[in-house]
Colleague: 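Could you have a look at this structure, given as structure tokens, before my questions?
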Amino acid sequence: MIEALPDLAAMEAFGARIAARLEPGDVVALSGGLGAGKTTLARAIIAALGHTGEVPSPTFTIVETYDHLRVPLVHADFYRLEDPSEAEEIGLDDYREGAALLAEWPDHAGGFEHEPSCLAITLEIVGEGRQAIVKPGDAWQSRLP
């Protein structure tokens, strides 16, 4: 499935649709080059789940948690990981317990597409906007955004 995201409003609406269907245990794996919109989409999802205020990029902290949302959420940016084993070292499985995971640069953590609860999204720059290539895991088939 390909979703056209010509502007920020479209990105925010897409994020809201994902948030409305998000459940604990889900993974939203966000891939794409630098500047493709991964953090922008993550922020849209987090806002749609009920967070008000700033959403810092977890580029340096690697993990930010949002326990107060409709669905507890872990926002992780794995860009700085040099080896997938580092995701285990930071306790990713513990963070994920009872929460959904928004994973930027998921390949740096070994990837999540093999998980049935993974909604894999690759963002690409298209002209002035973006497009999202969406690959749902089995658990997402009946609730595509």
Side-chain angles (χ1 to χ4, degrees), residues 1-5 8-125 129-145:
M1 171 180 130
I2 296 179
E3 178 82 19
L5 304 167
L8 183 58
M11 182 81 80
E12 289 172 348
F14 185 49
R17 291 197 313 276
I18 293 168
R21 292 159 176 86
L22 198 64
E23 298 175 0
D26 284 343
V27 178
V28 179
L30 303 173
S31 300
L34 290 171
K38 296 177 297 295
T39 302
T40 301
L41 181 55
R43 287 179 173 145
I45 294 167
I46 293 167
L49 286 171
H51 181 74
T52 56
E54 187 178 338
V55 175
S57 172
T59 300
F60 295 102
T61 59
I62 300 177
V63 173
E64 293 285 337
T65 59
Y66 298 88
D67 298 327
H68 63 286
L69 304 178
R70 180 185 66 75
V71 175
L73 188 75
V74 176
H75 180 199
D77 183 332
F78 298 117
Y79 181 74
R80 294 184 330 122
L81 298 188
E82 294 181 15
D83 187 89
S85 66
E86 292 179 66
E88 189 175 316
E89 291 172 20
I90 63 171
L92 182 62
D93 289 342
D94 294 333
Y95 282 111
R96 291 182 64 184
E97 186 70 33
L101 171 65
L102 280 179
E104 296 185 44
W105 299 95
D107 55 315
H108 289 221
F112 301 92
E113 285 191 48
H114 64 281
E115 296 183 20
S117 60
C118 181
L119 182 68
I121 300 172
T122 302
L123 294 163
E124 298 178 340
I125 298 171
R130 307 288 187 271
Q131 76 175 10
I133 300 166
V134 181
K135 295 179 190 168
D138 289 344
W140 278 91
Q141 292 296 327
S142 63
R143 54 186 169 112
L144 282 173

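Worth knowing before you read on, the calculation uses all heavy atoms, side chains too, and leaves out hydrogens, waters and symmetry mates.
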Colleague: Looking only at heavy atoms, what is the nearest atom pair of A87 and A109, with distance?
Modeller: CB-CB, 3.9 Å

Colleague: How long is the span from the CG atom in L81 to the CD atom in E89, to the nearest 0.5 Å?
Modeller: 9.0 Å

Colleague: Looking only at heavy atoms, which two atoms of V71 and P24 are closest? And how far apart?
Modeller: CG1-N, 3.7 Å

Colleague: Any side-chain to backbone donor/acceptor pair from R70 onto A19? Under 3.5 Å, distance only.
Modeller: yes

Colleague: Which heavy atom in A16 sits nearest to a heavy atom in A48, and how many Å separate them?
Modeller: CA-CB, 3.6 Å

Colleague: Would you indicate whether the side-chain heavy atoms of L5 and L123 approach each other to under 4.5 Å?
Modeller: yes

Colleague: So does E23 have more than 12 non-hydrogen atoms from other groups sitting under 6.0 Å from CD?
Modeller: yes

Colleague: Please report the shortest heavy-atom distance between E104 and K38, naming the atom on each side.
Modeller: OE1-CB, 3.6 Å

Colleague: In the structure I gave you, are the side-chain heavy atoms of L73 and L102 within less than 4.5 Å of one another anywhere?
Modeller: yes

Colleague: For S31, which residues count as a side-chain hydrogen bond (donor to acceptor under 3.5 Å, both in side chains) partner, sequence neighbours excluded?
Modeller: none

Colleague: Compare all side-chain heavy atoms of V28 with those of L41 and state whether any distance is below 4.5 angstrom.
Modeller: no

Colleague: Once salt bridge (Lys or Arg N to Asp or Glu O under 4.0 Å) is applied, do any residues pair with E3, and if so which ones, sequence neighbours excluded?
Modeller: R17

Colleague: State, to 0.1 Å, how close A103 and F78 come at their nearest heavy-atom pair, and which atoms those are.
Modeller: CB-CE1, 3.7 Å

Colleague: To the nearest 0.5 angstrom, please state how far the CD1 atom of I133 sits from the CE atom of M1.
Modeller: 11.5 Å

Colleague: CD of E88 to CG of D83: how many Å apart, nearest 0.5 Å?
Modeller: 10.5 Å

Colleague: The criterion is side-chain hydrogen bond (donor to acceptor under 3.5 Å, both in side chains); which residues satisfy it with H108, sequence neighbours excluded?
Modeller: none

Colleague: How long is the straight-line distance from CD1 of I90 back to OG of S85, given to the nearest 0.5 Å?
Modeller: 10.5 Å

Colleague: Is any side-chain heavy atom of L119 less than 4.5 Å from a side-chain heavy atom of F112?
Modeller: no

Colleague: Looking at residues at least two apart in the chain, or sitting in another chain, which of them share a salt bridge (Lys or Arg N to Asp or Glu O under 4.0 Å) with R96?
Modeller: E115

Colleague: Determine which pairs satisfy ring-ring contact (aromatic ring centres under 6.0 Å, His included) with at least one residue from residues 30-57, sequence neighbours left out, and list them in order.
Modeller: H51-Y66, H51-H68

Colleague: Taking only residues two or more places apart in sequence or in another chain, which ones pass side-chain hydrogen bond (donor to acceptor under 3.5 Å, both in side chains) with E124?
Modeller: Q131

Colleague: Between G35 and I125, what is the shortest heavy-atom contact and its length?
Modeller: O-CD1, 3.9 Å

Colleague: Counting only heavy atoms not in Q141, do more than 12 sit closer than 6.0 Å to its CD atom?
Modeller: yes

Colleague: From L34 CG over to W105 CH2, what is the distance, rounded to the nearest 0.5 angstrom?
Modeller: 4.5 Å

Colleague: Is a side-chain N or O of E113 found less than 3.5 angstrom from the main chain of C118, in a donor-acceptor match?
Modeller: no

Colleague: Could you state the interatomic distance from CG (L22) to CG (L69), rounded to the nearest 0.5 Å?
Modeller: 9.5 Å

